[in-house]
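What follows is a single structure, written as structure tokens, with notes after it.
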Amino acid sequence: MRTGAIDPPGVQWLRVSPKYVTVRLVEWAIGNLVVIAVLSLPLVFVLLGWWRWPPLWLAIAVPAVMLVLALWRLILIPRQVRAIGYAERDDDLLIRRGIFFQRTMVVPYGRMQYVDVSVGPVERSLGLCTLKLHTASAGTNAHLPGLPADEGARLREQLSARGEARLAGL
């Protein structure tokens with residue numbers, strides 16, 4: 001379902017690289033393996049007879065629920081990546097994300113203080129980067145992950161130039 005608030009008319013959304021799914025899967029695997037391993041320790045201790053509490057059913061239920069939630073997030077990751085988009089307009093940059101709770105952020109070029117490109121080890125191996133936009137507002141969380149490195153560099157230069165031009169006009 002398209003809504004006017006989330007999808008302004010006439011906007012052509014550009015999507016991030018599908019390779020970003022791999023980055024998200026690595027983050028998912030590392031985070032969830034650690035959490036499930038820690039939550040499974042009471043089960044191991046109960047089975048070995050070292051602990052009498054919690055009851056066996058509870059020691060099984062806690063990591064099992066976490067595993068189900070982790071698998072649900074795993075299923076959502078490709079769709080979440082496909083939901084990330086951006087659009088360059090004459091006066092601002094639009095950033096869109098979200099499946100259930102959709103969000104469109106508008107960042108005026110004249111409000112940008114600086115543009116940052118960062119790369120983690122997994123992103124670097126896939127030729128991706130994350131573009132971060134810094135404005136005067138501390139509450140602005142404008143970042144665009146999963147961009148191909150050359151597109152991130154192009155956007156950094158383009159947005160910086162547009163920001164300087166708009167700021168000079170104030």
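Every value quoted in this text rests on a predicted model; they were computed, and no experiment measured them.
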Show your reasoning for whether side-chain contact (heavy atoms from CB on, under 4.5 Å) applies to Phe100 and Leu76. CA-CA 11 Å; Phe100 299 123; Leu76 288 179; 4.1 Å; yes
Any side-chain heavy atom of Tyr86 within less than 4.5 Å of one from Arg96? no
Could you tell me which non-hydrogen atom of Ile95 sits nearest to which non-hydrogen atom of Ala142, and how far apart they are? CD1-CB, 4.1 Å
Are Val62 and Leu43 co-members of a hydrophobic cluster defined by side-chain heavy atoms under 4.5 Å apart? no
Name the residue from Leu39, Val38, Leu33 that meets the side chain to side chain contact (heavy atoms under 4.5 Å, CB included) definition with Val35. Leu39
Over all heavy atoms of both residues, which pair between Leu144 and Gly85 is shortest? Give the atoms and the distance, please. CD1-O, 4.2 Å
Is it the case that one hydrophobic cluster holds both Val68 and Met66, taking links as side-chain heavy atoms less than 4.5 Å apart, direct or via other members? no
Are Lys19 and Glu123 ion-paired here, with the side-chain N under 4.0 Å from a carboxylate O? no
Roughly how far, to the nearest 0.5 Å, is CG of Asp116 from CG of Leu133? 9.5 Å
For residues Ala149 and Cys129, report the shortest heavy-atom separation together with the two atoms involved. CA-SG, 4.0 Å
What's the verdict on side-chain contact (heavy atoms from CB on, under 4.5 Å) for Leu155 and Leu147, showing C-alpha distance, side-chain angles and the deciding distance? CA-CA 10 Å; Leu155 268 176; Leu147 291 173; 3.8 Å; yes
Val117 side chain reached by Thr130 side chain, heavy atoms, under 4.5 Å: no
Show the numbers, then the answer: is there a side-chain contact (heavy atoms from CB on, under 4.5 Å) between Glu27 and Ile30? CA-CA 5 Å; Glu27 292 170 353; Ile30 292 170; over 6 Å; no
Begin from the C-alpha positions of Val44 and Trp50 and carry the test side-chain contact (heavy atoms from CB on, under 4.5 Å) through to its verdict. CA-CA 9 Å; Val44 171; Trp50 295 351; over 6 Å; no
Hey, does the side chain of Trp28 reach the backbone of Ala70 with a donor-acceptor pair shorter than 3.5 angstrom? yes
Is Leu67 linked to Leu74 within one hydrophobic cluster, defined over Ile, Leu, Val, Met, Phe, Trp and Tyr using a side-chain heavy-atom separation of less than 4.5 Å? yes
Testing the basics here: between Pro78 and Val21, what is the closest heavy-atom pair and its distance to 0.1 Å? CA-CG2, 4.1 Å
Has the side chain of Ser160 got a donor or acceptor atom that lies under 3.5 Å from a matching backbone atom of Glu157? no
Are Val26 and Val119 joined in one hydrophobic group, where the rule is that I, L, V, M, F, W and Y side chains link up if heavy atoms are under 4.5 Å apart? no
Within this structure, what is the CD-NE2 distance for the pair Gln113 and His134, rounded to the nearest 0.5 Å? 9.5 Å
Between Glu88 and Arg154, is there a salt bridge with N-O shorter than 4.0 Å? yes
Report whether Trp53 and Val46 are members of the same hydrophobic cluster (ILVMFWY, side-chain heavy atoms less than 4.5 Å apart, transitive linking). no
Please round to the nearest 0.5 Å and tell me the distance separating atom CD of Gln158 and atom OH of Tyr109. 7.0 Å
Heavy atoms of Pro8 and Leu94 approach each other most closely as CG-CD1, 4.4 Å
Gap between atom OH of Tyr20 and atom CG of Leu25 - 0.5 Å precision: 10.5 Å
Please name the pair of heavy atoms, one in Gly146 and one in Val16, separated by the smallest distance, quoted to 0.1 Å. O-CB, 3.5 Å
Can you measure from CG (Leu131) to CG (Leu93) and round to the nearest 0.5 angstrom? 8.0 Å
Looking at Arg24, Arg97, Lys132, which hits side chain to side chain contact (heavy atoms under 4.5 Å, CB included) with Pro145? Arg97
Counting only heavy atoms not in Arg52, do more than 12 sit closer than 6.0 Å to its CZ atom? no
Roughly how far, to the nearest 0.5 Å, is CG of Asp92 from CE of Met112? 8.0 Å
